[in-house]
Each structure stands twice: as C-alpha cells, then as structure tokens.
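In what follows, a single structure is set out as structure tokens and then discussed.
Quick caveat, the model's predicted, so the values are computed rather than measured.
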Amino acid sequence: MDDKRFEKTYEQGVVNRVEIWVDRQTGVNYLWINQGNPGGLTPLLGRDGKPVITAISPADRD
C-alpha cells in the first residue's frame with residue numbers, strides 16, 4: 001500500500017479552488033478551499049451536521 005494518509009477525491013477551480021480530501025485511516029472527508037494564497041480546511045458535514053465518512057477497506061488503513 002502507498003503510505004499517503006490523505007487522498008484527493010474531488011477538485012474544482014483554478015484560482016478559487018475547492019477540493020475534497022479523504023483521510024484513508026478514518027474515512028473522514030475534509031473540504032479544502034483556497035482563494036489565491038489564503039485557504040482553509042474543515043470536515044465536510046452532511047445535512048445532519050455529522051462528518052461525511054467514506055467507507056475504507058481494511059487493506060487501505062494499513
């Protein structure tokens with residue numbers, strides 16, 4: 001397995017950029033937004049206010 005903890009699963013934009021990253025150990029999705037130089041990262045939340053979780057196979061967690 002590759003040793004990267006986070007995997008980018010979505011990207012949009014060039015200067016104003018939106019990306020979704022998945023933590024390969026926990027499955028938690030994070031939203032990254034940047035506009036030029038400043039940017040921010042936050043857990044991606046569903047309608048219920050809970051973090052969006054992607055199912056991760058046991059082989060991907062090691």
Side-chain angles (χ1 to χ4, degrees):
M1 183 193 103
D2 139 11
D3 59 354
K4 290 195 248 178
R5 170 130 186 203
F6 295 92
E7 178 180 358
K8 183 172 23 175
T9 60
Y10 178 82
E11 61 183 297
Q12 170 185 312
V14 177
V15 175
N16 296 327
R17 196 137 177 90
V18 175
E19 299 175 355
I20 296 176
W21 290 81
V22 176
D23 181 329
R24 293 175 54 174
Q25 290 183 7
T26 65
V28 174
N29 286 242
Y30 294 90
L31 179 66
W32 164 256
I33 297 177
N34 80 314
Q35 297 178 332
N37 284 332
L41 181 73
T42 187
L44 183 62
L45 303 179
R47 294 184 88 168
D48 58 1
K50 295 180 182 177
V52 174
I53 307 289
T54 298
I56 304 293
S57 71
D60 288 339
R61 290 184 187 160
D62 297 332

Gap separating the CG atom of L31 from the CG atom of N29, nearest 0.5 angstrom: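 Going from CG on L31 over to CG on N29, the span is 9.5 Å.
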Nearest-0.5 Å distance, OG1 of residue T54 to CZ of residue R24: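 Going from the OG1 atom of T54 to the CZ atom of R24 covers 12.0 Å.
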Same apolar cluster (I L V M F W Y, side chains within < 4.5 Å links), F6/I56: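 F6 and I56: separate clusters.
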With Y30 via side-chain hydrogen bond (donor to acceptor under 3.5 Å, both in side chains) - residues at least two apart: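 Listed in chain order: nothing, the list is empty.
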side-chain hydrogen bond (donor to acceptor under 3.5 Å, both in side chains) partners of T9, counting only residues at least two apart: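 Testing T9 for side-chain hydrogen bond (donor to acceptor under 3.5 Å, both in side chains), a comparison that skips the adjacent residues, returns none.
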Please set out all donor-acceptor pairs under 3.5 angstrom arising from side-chain atoms of residues 15-23, sequence neighbours excluded.
residue, atom, partner, partner atom, Å
R17, NE, E19, OE2, 2.9
R17, NH1, G13, O, 2.4
R17, NH2, E11, OE1, 2.1
E19, OE1, W21, NE1, 2.8
D23, OD1, R5, NE, 3.0
D23, OD1, Q25, N, 2.8
D23, OD1, T26, N, 3.3
D23, OD2, R5, NE, 3.2
D23, OD2, R5, NH2, 2.8
D23, OD2, T26, OG1, 3.4

Donor-acceptor list for residues 35-47 side chains, cut-off 3.5 Å, not counting sequence neighbours:
none

